[in-house]
Amino acid sequence: QAQFVESGGGLVQPGGSLRLSCAASGYPSDYYAIGWFRQAPGKAREEVSCISTGDGSTYYGNSAKGRATISRDAAKNTVYLQMNNLKPEDTAVYYCGVRWDCAYSIEYNYWGQGTQVTVST
């Protein structure tokens, strides 16, 4: 069974930073992308970032470009998301999961329970 344990969320002020972590395990080996998407109440899911497990290529959603950095520790099967200059619009539950690839896949196939990020004064 696939398990994704997200952590690192919390309450931060606008302009602040957070580093999210995701410990992944138990998913089929033929997934070549791991990343993050987010969802706020009443809002559609939104892609944040994705990293290829094959060549390490990274991808970012439009809302995260310039403010987020995704990285991966392959040995630990852990992915990180460093988010800077956070805005109230970034408030959401952030989910970590896998999909077939970063460039062409639309949906994540497995993901975890998520970690809450709240950006507010």
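Contacts of E89 classified as side chain to side chain contact (heavy atoms under 4.5 Å, CB included), with partners at least two apart in sequence or in another chain: K87. Considering only residues two or more places apart in sequence or on other chains, K76 meets the side chain to side chain donor-acceptor pair (under 3.5 Å) condition with none of them. Taking the salt bridge (charged side-chain N to carboxylate O under 4.0 Å, His left out) definition, one finds that R67 meets it with D90, sequence neighbours left out. Under the ring pair (Phe, Tyr, Trp, His ring centres under 6.0 Å) criterion, Y108 pairs with F37, sequence neighbours left out. Take S25 and apply the side chain to side chain contact (heavy atoms under 4.5 Å, CB included) test, not counting sequence neighbours, and it matches Q3. Considering only residues two or more places apart in sequence or on other chains, R72 meets the salt bridge (charged side-chain N to carboxylate O under 4.0 Å, His left out) condition with none of them. The side chain to side chain contact (heavy atoms under 4.5 Å, CB included) search around D55 returns S52, S57, not counting sequence neighbours. Remark: Q116 pairs with T91, V93, T118 by the side chain to side chain contact (heavy atoms under 4.5 Å, CB included) rule, at least two apart or across chains. In this structure, the side chain to side chain donor-acceptor pair (under 3.5 Å) partners of S105, at least two apart in sequence or on a different chain, are D101.
A heavy-atom distance below 4.5 Å is found between the side chains of Y80 and D73. With contacts defined as side-chain heavy-atom distances shorter than 4.5 Å, the pair N84/S17 qualifies.
Here L11 is tied to no hydrophobic group at all, with no ILVMFWY side chain closer than 4.5 Å. In the hydrophobic clustering, where aliphatic and aromatic side chains (Ile, Leu, Val, Met, Phe, Trp, Tyr) are joined below 4.5 Å either directly or transitively, Y104 stands alone. Cluster partners of Y94 are F4, V12, L18, L20, Y27, Y31, I34, W36, V48, I51, Y60, I70, V79, L81, M83, L86, V98, W100, Y110, V117, V119, counting Ile, Leu, Val, Met, Phe, Trp and Tyr whose side-chain heavy atoms approach within less than 4.5 Å, directly or via other members.
Here the CD atom belonging to Q82 is positioned 9.5 Å from the OG atom belonging to S21, to the nearest 0.5 angstrom. Distance check: R38 CZ to T115 OG1 gives 14.0 Å after rounding to the nearest 0.5 Å. Here the CD-OG1 distance, from Q13 to T121, works out to 7.5 Å after rounding to the nearest 0.5 Å.
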Practice task
Output, in order, the C-alpha distance, side-chain angles, deciding distance and verdict of salt bridge (charged side-chain N to carboxylate O under 4.0 Å, His left out) for R99 and E47.
Solution key: CA-CA 12 Å; R99 65 192 192 199; E47 173 72 7; 3.2 Å; yes
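E6 places no side-chain N or O within 3.5 Å of a backbone atom of Y95 that could act as its donor or acceptor partner. T53 places a side-chain N or O within 3.5 Å of a backbone atom of Y32 that can act as its donor or acceptor partner.
Across A92 and A40, no two heavy atoms sit closer than the pair CB-N, 3.9 Å. Residues C50 and A33 come closest through the heavy atom pair SG-CB, 3.5 Å.
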